[in-house]
Student: 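Input: one structure, supplied below.
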Amino acid sequence: MVSQLSRPSSGDRIAPSDPQRLLRLRHTCAHVMAMAVQRLFPQTRVTIGPWTETGFYYDFDRADPFTPDDLSRIEAEMRQIIRANLPIIRETVERDELRAAIVQLHEPYKLEILDGIPAAEPITRYYIGCPDPVLPQGPESPSLFDIPAPGEPAPVACWWDLCAGPHLNTTGEIHPDAMVLESVAGAYWRGDETKPQLQRIYGTAWETPEQLQAYLQQKEEAKRRDHRKLGQELDLFSIQEDAGGGLVFWHPKGARMRLLIEDYWRSAHLAAGYELLYTPHIANLDLWKTSGHFEFYRDNMFDQMEIEAQQYQLRPMNCPFHVLTYQHQLHSYRELPLRWAELGTVYRYERSGVLHGLMRVRGFTQDDAHVFCLPEQVSDEILAVLDLTEQILSDFGFAEYEVNLSTRPAKSVGADAMWELATNALRQALDRKGWAYVTDEGGGAFYGPKIDIKIRDAIGRLWQCSTIQVDFNLPERFDLQYVAADGSRQRPIMIHRAIFGSLERFFGILVENYAGDFPLWLAPVQLRLLPVSDDQRDYANGVAHTLKQSGFRVEIDASGDRLGKQIRTAELAKIPVVAVVGKREVEQQTLSVRTRQSGDLGALTVAEMQGRMEEAIAERGRV
RNA sequence: GCCGAUGUGGCUCAGUGGUAGAGCACUCGAUUCGUAAUCGAGCGGUCGCGGGUUCAAAUCCCGCCAUCGGCUCCA
């Protein structure tokens, strides 16, 4: 039960000196851009243009697509408008008057917006450069006010938009070098894919050029850490066109890391009182009809396949299988809670345009678990899940969380009383855990409310991973029972939860968090031996053998390259520790150790080396 | 799925109608080397796939697939 939010929320940590003013600035930038666009491309219709976390955008309706070249022209035009330092004037207008003006301008989207504004609300418009434009002076007279060639229409140094504001007082308050246009993208009118597709131009804007530079550097940093790029460079995984989009191939180094993650996960769960299950990847469609998935989740399920006149379904979820396992025998209240976990691989149909590296795929493995418990155990069990989640995530280096409590959505099943009980149990557990959280009204699953946990990575971005959901729907649909103390049959409550969410996605987050520079316990290769010449091969083989016997992941550079090249190759592969073996080391039975973290450590015996590495592994750190 | 861009050896990329290129990787040879690239040679591509235009297509046109930036979706 994992939502696969594929992009992180903004990790923007560039602090503005005046946040309110920055929003006005960005909003004004959007207007300036719209003005520039309509000056350059008069046939373009305007729609909306808000500020965003890093800048602004404006959606336009125009027959021809904007090209990168158009963006440069628009940006140049915006600078002219900024340099002209045009006043921005707010005006409260009568609805009918404005309506007539909009009709005259042939702006259908603006008309729709105007007509959507409740009668009681005041209506405002914002002018740029009207009604009394300040004409520029001096040699850098902007093109804006150049005298038009004969036959061309006179340029209009005036533009207005129906807008609630707020805005800056003049365009000159925007720093022309703290603003750039970033990209063009398709967007739907009112975010509705049945409505016309518009062209959205994104820009970024800041108070100062320094802030802009900091933002651009952050963007570069995110690009440097991109798990798709690092996955290729470090040979961790691939997604192959020949196989199909969204299907992941784990290469030996990535698979080794996955194995480490899985091993850790299994031990942690066994220690926390879970049992492990393995269940099939396909099953009779009837199961999915009973569970409600066929009704509620069909759009994301792969097509059914017919096997001997029966319809079978590739699984998009694990829960019905755990439910069947529970149902297979009668349970006493004395057995509960039952905590069953599975690294369950699921397949979900995702529209081609949404696939994204490991973050959004069509086949992935959830670290899924279901807790079957008594109503009075729910709160304790949720609290225990929160504890386990914290333990596991912090061992992977994630100590900062943002927590959401999502309540009943419009499209949902179940009685109000059950929703209330479940939502209260989640709330109570969060309070007992002492975690602050934000309530997301209507953000729950169709079958129950949930807690979502986002982790903050090394560069401040938030990623959704863990989810905890209370479900009274499946127990109902499958008629799950336990025998209560009085001998009556009662219905257990089911808690779904995943900590990593999806292994693929979590792995991608790990790659980005560490920028491929993994702590020693996770590094696919922990140490590489670099023989200075062929004479040291036997010694290197002996050392490698010893270290491998002790459980270290070791390899020998077999290239025959010179030492400098071997070191370069190891550095590029981000191998945490290299050990040079030359004539000296063979004679003294040592290793000359060099780590990515601390550089040259000098000569160490094999035993000393092992000690250093064991220490780093134990604290999940680096050498 | 929608809008736009992109797709050339294993990787990164050049090549805009006239005989497919570079660097790295790989193989071979020489060198046996001390902390981020030794030298030389060689191998390797039906230019994403399928159609079309043309005497001639990596290059132009159409369809499809995948990837990238977004939109929509994300139980």
Side-chain angles (χ1 to χ4, degrees), chain A residues 1-7 57 59 62 64-68 70-71 182-202 226 228-229 232-233 235 238-247 291-293 295-301 316-317 319 346 348-357 359-360 406 409 411-413 443-448 450 464 467 469 471 473 496 501-502 505 530-537 559-573 578-585 592-594 596 599-602:
Chain A
M1 292 288 158
V2 178
S3 76
Q4 275 197 95
L5 291 165
S6 58
R7 311 294 158 99
Y57 66 81
D59 288 346
R62 179 179 177 233
D64 300 321
F66 289 111
T67 65
D70 291 339
L71 282 199
E182 296 186 286
S183 59
V184 193
Y188 300 105
W189 170 235
R190 302 240 145 130
D192 182 341
E193 64 183 350
T194 63
K195 299 211 160 117
Q197 182 136 27
L198 310 169
Q199 294 187 62
R200 173 172 300 177
I201 302 179
Y202 279 98
D226 191 317
R228 294 166 299 185
K229 179 171 168 279
Q232 168 73 256
E233 286 173 8
D235 195 19
S238 61
I239 293 170
Q240 304 194 29
E241 190 171 344
D242 289 346
L247 302 169
S291 71
H293 289 107
E295 183 185 349
F296 285 91
Y297 199 64
R298 197 176 176 172
D299 289 350
N300 280 86
M301 286 158 62
M317 302 265 182
C319 14
V346 296
R348 299 179 180 182
Y349 168 69
E350 298 282 0
R351 304 210 270 182
S352 56
V354 307
L355 300 176
H356 181 87
M359 301 303 183
R360 188 82 178 264
S406 303
K411 190 179 164 189
S412 59
V413 295
F446 72 81
Y447 47 78
K450 60 177 184 172
Q464 156 118 39
T467 181
Q469 306 171 356
D471 183 3
N473 175 52
H496 307 249
S502 126
R505 194 180 134 70
L530 312 182
V532 176
S533 75
D534 287 344
D535 296 341
Q536 291 88 41
R537 298 228 160 255
S559 67
D561 287 333
R562 296 194 171 168
L563 184 59
K565 180 64 180 294
Q566 292 187 48
I567 286 172
R568 178 182 154 80
T569 307
E571 287 288 344
L572 292 177
V578 297
V580 175
V581 291
K583 211 169 145 190
R584 270 203 310 275
E585 288 74 19
S592 284
V593 178
R594 173 187 160 122
R596 271 175 75 72
D600 200 338
L601 297 186

Student: Could one point to a donor on the side chain of A:Asp534 or the base of B:U32 with an acceptor on the other under 3.5 Å away?
Tutor: yes
Student: Rounded to whole angstroms, how far apart are CZ on A:Arg562 and P on B:A30?
Tutor: 15 Å
Student: Got a donor-acceptor pair under 3.5 Å from the side chain of A:Glu585 to the base of B:G34?
Tutor: yes
Student: Would you mind pulling out the nucleotide paired to B:A66, Watson-Crick or G-U wobble, both distances under 3.5 Å?
Tutor: B:U6
Student: Among B:C73, B:A66, B:G34, which is the nearest nucleotide to the side chain of A:Glu241?
Tutor: B:A66
Student: Answer with base, sugar-phosphate or nothing: what part of the nucleic acid does A:Asp299 contact at a heavy-atom distance below 4.0 Å?
Tutor: nothing
Student: To the nearest angstrom, how far is A:Lys565 atom NZ from B:C39 atom C1'?
Tutor: 12 Å
Student: Are any of A:His356's side-chain N or O atoms less than 4.0 Å away from OP1 or OP2 of B:U67?
Tutor: no
Student: Scan A:Thr67 against the nucleic acid and name what it touches under 4.0 Å (heavy atoms): base, sugar-phosphate only, or nothing.
Tutor: nothing
Student: On a plain distance test, is the side chain of A:Tyr57 in donor-acceptor contact with the base of B:G70 below 3.5 Å?
Tutor: no
Student: Rounded to the nearest angstrom, tell me the gap between atom CG in A:Asp64 and atom P in B:G4.
Tutor: 10 Å
Student: Report the distance from atom CG of A:Leu71 to atom OG of A:Ser183, rounding to the nearest 0.5 Å.
Tutor: 8.0 Å
Student: From CD1 of A:Ile239 over to P of B:G48, roughly how many Å is that when rounded to an integer?
Tutor: 21 Å
Student: Look at the side chain of A:Arg228 against the base of B:U67 and say whether a donor-acceptor pair falls under 3.5 Å; ignore hydrogens and angles.
Tutor: no
Student: Counting side-chain heavy atoms from CB outward, which of B:C33, B:C74, B:U72 is closest to A:Arg360?
Tutor: B:C74
Student: Using whole Å, report how far CG of A:Asp561 lies from P of B:A37.
Tutor: 11 Å
Student: Measure the distance from CG on A:Leu198 to C1' on B:U72 and round it to the nearest whole Å.
Tutor: 13 Å
Student: Give A:Gly448 one of three labels, base, sugar-phosphate or nothing, depending on what nucleic acid heavy atoms sit under 4.0 Å from its own.
Tutor: nothing
